[in-house]
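The next block holds one structure in the form of structure tokens; read it before the comments.
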2 protein chains.
Amino acid sequence: MAVTIKDVAKEAGVVHTTVSRALSGSPLISLETTERIRRIAAEMGYRPSVAARSLKTNRSQVLGVIVSNINDPYFSNVVQGIENLAQESGYSLFIAASQRDPARELSIVQTMMEHRVDGVIICSSSFSAKQGRNFTDYGVPIVVINNQAAEEYRYSIYHDDLDGSRQVTRHLIELGHRRIGYLGYTPSGRTNLDRLTGFRYEMEAAGLTVDPACVHELTDDGAFGGLTGLEHFLQLAERPTALVCYNDMLAIGVIRGLQQAGIRVPQEISVAGFDNITFSAFTNPPLTTFDQPKHFIGAEATRLLLGLLSKTPTAETHGLENVRILKGKLLVRESTAAPSTSS
Amino acid sequence: MAVTIKDVAKEAGVVHTTVSRALSGSPLISLETTERIRRIAAEMGYRPSVAARSLKTNRSQVLGVIVSNINDPYFSNVVQGIENLAQESGYSLFIAASQRDPARELSIVQTMMEHRVDGVIICSSSFSAKQGRNFTDYGVPIVVINNQAAEEYRYSIYHDDLDGSRQVTRHLIELGHRRIGYLGYTPSGRTNLDRLTGFRYEMEAAGLTVDPACVHELTDDGAFGGLTGLEHFLQLAERPTALVCYNDMLAIGVIRGLQQAGIRVPQEISVAGFDNITFSAFTNPPLTTFDQPKHFIGAEATRLLLGLLSKTPTAETHGLENVRILKGKLLVRESTAAPSTSS
DNA sequence: CTCCGTTTAGCACACGTGTGCGCTTAAGCA
DNA sequence: TGCTTAAGCGCACACGTGTGCTAAACGGAG
């Protein structure tokens, strides 16, 4: 079908071996022959078959990327970071969405194994560690991003959610809020836990108590989750004057819900998000949030993975940081303000 | 490294061909042998090498997906539709972002050719037709989604932008608007042109003239583009009372800009978007837009491509629709209303 | 008991590429 | 001229899988 190395060889009047060496720049072939063969190969539009090559070399030049959901502004930012670096380095990307469905996770792992991906980046907080083990058992290196099963994996990139959540909470406290609520999302596991812990930590540090009724957790992320989550807080006899949300999508839903209820943000209630997705700069009012370096996280994960690949499997991976924790920064916009004095 | 078909054969005490036939369910092998071999293969955790297989069969079980930008809510919706169907059908996805950069487009095409993808879905309005020809020249089928170079490709899925834009415009006219502006995005080519044409068509049908100053086009999409685009309209001596935006992202930027300028939406000016991305239900006010069936578009493109693959290349592709035009529906929310009587 | 048909499994080769090793040719030197 | 050496290139094989053809085993019929 396509033009092979043998076709090029025939055209150049040499054997395919010589072509192979010429294209890879082997010193065994004279410079002029190399030049000539390369020219002919280019003219014929020769493209090596990765399939055949990977059969010999055991390298597919493909990285697997597993996300929960492609259609999520947070992940697509991270994936873009991965893609940029991978493409520069000559790697292609298999992207698959697990949808947090175990059957689908299994299917993804099997397919990626069959394709002999060189490495995997798991960018899904809830991906089962058992499935991950399938990769490592076969010598396929894995880097995880913000995964809940921290200890199960050797190489990982994390965002310092605890620190971030503390900064957000402290910001609200410094504005004068005393009764602050937290709206969480349990399926993300550790990530949610860290953010909740940061919230609690800072509240206690300020000598404030956290009313159990002021911590509400959902199993639905996304803006619609924010709408339903808000109802809980509105029903409270004593409403909080500020809300810390697990992520921006929830916060966006909360703000929308408050507007529908005729409650002004931030005059009557302050709302803070987390992640800084593109849209959070365009809500009304613009959302105060914590800017997570999403693109950079993706790039760092890729860099770590490529580093693992360049070493021989047996060599000591000394010098590579196995776990990196990245920090973001607080982004104060207009959805947070001092509480009204009347309360 | 991994367990091969020969390892299984040795374990089962047969030759590798027998294993190959047993796994593919060939009638040449007795039922009991087949069962036994399958059990052993499963126990050993055997996973066939797609690389080796595709060498023989010339099928890689991989589809290439090319988008302009992964980090775009419109595309990620479409890609999710593609991914769902592809995974069901046992295909994996190579996803690459062109970033509207010709050098990067070339690199993507070459890489995908090297991996011998079975088919390609181009979901980037501006992808160069010259690059596309590279695929078809080598017999790799292509399906394009909303591409600007309609005629260059044989198989394509389109959204009826002309119809959609007419519906949006008519909606505004019926509300009583007479002076309506259009904010476009030229790099998307045909898509933008269709939406502009639909706008003009409906204006003329209502006997309204389109002031050239009321048509403004950008080379930057995204919400920030909306902010800068709005400035043009605010500087006009006679401002339009309604704005039709090329997409939701622009509209979101426009709404934000209007709020910053202290102009009320929709009381003083109505704003409409296009695409119905998730976020447009959560702007303030919620955005009137045209709901494009993004997920379905992706699924249809995949279905078309899989259909092409199931036929032999020489067979007549009779019965397959080469071009499908899908329709969406108008979604009236709260960012549009009758113009104030004072104007 | 032999012959033939049927079922089952093995042999050999091919796909496109990379690599160790050996062969040919020319040049250098005595 | 004959020998050594190096340069340049080809031969053969391997990677893991699929397929056409062939060989063996078995059973039934004459």
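All figures in this text were calculated on a predicted structure; none of them were measured in a lab. Each chain gets a letter, A, B and so on, in the order the sequences are listed, and its residues count up from 1.
In this structure, B:Phe94 and B:His115 have perpendicular ring planes: the angle between them is above 60°, well past the 30° mark.
Using a 4.0 Å heavy-atom cutoff across all strands shown, B:Thr17 reaches at least one base atom of the nucleic acid. Within the nucleic acid shown, A:Ser24 has no heavy atom closer than 4.0 Å to any nucleic acid atom. Using a 4.0 Å heavy-atom distance criterion, A:Thr33 is classed as a sugar-phosphate-only contact.
Side-chain N/O atoms of B:Thr57 include none lying less than 4.0 angstrom from OP1 or OP2 on D:dG18. For A:Ser54 and D:dC15, the shortest distance from a side-chain N or O to OP1 or OP2 is not below 4.0 Å. Using a 4.0 Å cut-off, no side-chain N or O of B:Thr18 falls inside it from OP1 or OP2 of C:dA9.
Atoms NZ (A:Lys6) and P (D:dG10) sit 14 Å apart, rounded to a whole Å. In this structure, the CD1 atom of B:Ile5 is 15 Å from the C1' atom of C:dA14, given to the nearest Å.
Atom CD of A:Glu43 is surrounded by more than 12 heavy atoms from other residues, nucleotides or ligands within 6.0 Å.
Across C:dT17, D:dG8, C:dT8, the shortest atom-to-atom separation from the side chain of B:Ser30 is found for C:dT8. Closest to the side chain of B:Thr4, out of D:dT17, C:dT17, D:dG20, is D:dT17. Comparing C:dG10, C:dT17, C:dT19 by their nearest atom to the side chain of B:Arg21 picks out C:dG10. Out of C:dT8, D:dT17, D:dC21, the shortest distance to the side chain of B:Arg53 is found at D:dT17.
Applying the 3.5 Å distance criterion, the base of C:dG16 shares no donor-acceptor pair with the side chain of A:His16.
Side-chain contact of B:Asn84 with B:His295: a donor-acceptor pair under 3.5 Å is present, judged by distance alone.
Taking for each of A:Leu55 and A:Val15 the nucleotide of DNA chain D with the nearest heavy atom, the 5'-most of the two is the partner of A:Val15.
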Quiz item: Between A:Arg21 and A:Thr33, is a side-chain contact (heavy atoms from CB on, under 4.5 Å) present by the stated rule, with each step listed?
Solution: CA-CA 10 Å; A:Arg21 292 208 167 93; A:Thr33 312; over 6 Å; no
